[in-house]
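Single-structure report; data block below.
Values below: all heavy atoms of this structure, side chains included; hydrogens, waters and symmetry mates excluded.
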Amino acid sequence: MLKGFKNFLMRGDVIVVAVGLIVALAFSTLIKAFTDFVINPIIARAQGGRSVGLGWQLGQAGNKATYLDIGSFISAVIYFIIFMAVVYFLIVVPYKHYSARHGSAVFEEPGPVKACPACLSEDLPVAASKCRYCGTDQPPTTTGTPRP
């Protein structure tokens, strides 16, 4: 049982994913610091005056629980975009090249699809001869309407 677990852990894909997650977490900390200490002060300054940030006080003045903080939301959106770009360019793109060298395709666009006339499912490959959901025979591909 332990040998099987060791074999599972030592597969290349599991190690690549684990390393990718560790790198993503490290970049997450870096990007969080960037948005907290660079982006947030710029957004807060855009409000001007003595405001604590870009937003509005909805209740009693000075009550942080009723402060609508648009600046923090903008910062979170910027954080998300930067983080996803880092994950894509430093983890997904190299993993796609790694997988392609080993003969498997990952994160590829799906091929054209058609709809089943019997059950109306819309995600059947154009070349399918039977529906994967209801099992009915499919018309030839010339009469099927492929969708990209």
Rounded to the nearest 0.5 Å, what separates atom [atom1] in [X] from atom [atom2] in [Y]?
X: L25; Y: L30; atom1: CG; atom2: CG; value: 12.5 Å
X: R101; Y: K96; atom1: CZ; atom2: NZ; value: 14.5 Å
X: I78; Y: F34; atom1: CD1; atom2: CZ; value: 8.0 Å

In one Ile/Leu/Val/Met/Phe/Trp/Tyr side-chain cluster, 4.5 Å: L58, I74: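 Linked within one cluster.
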Residue pair [X] / [Y], side-chain heavy-atom distance below 4.5 Å:
X: P94; Y: F89; result: no
X: E122; Y: K114; result: no
X: I31; Y: V86; result: yes

S121: side-chain contact (heavy atoms from CB on, under 4.5 Å) partners, not counting sequence neighbours: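 For S121 the side-chain contact (heavy atoms from CB on, under 4.5 Å) partners, ignoring immediate neighbours, are C116, C119, D123, L124, C131, Y133.
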Listed partners of F80 passing side-chain contact (heavy atoms from CB on, under 4.5 Å), at least two apart: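 Partners of F80 under the side-chain contact (heavy atoms from CB on, under 4.5 Å) test: M84.
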Q138 to P117 - nearest heavy-atom pair and separation: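 Reported closest heavy-atom pair: OE1-CD, 3.5 Å.
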Shortest non-hydrogen separation from K130 to G135 and the atoms involved: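 Taking every non-hydrogen atom into account, NZ-O, 3.7 Å.
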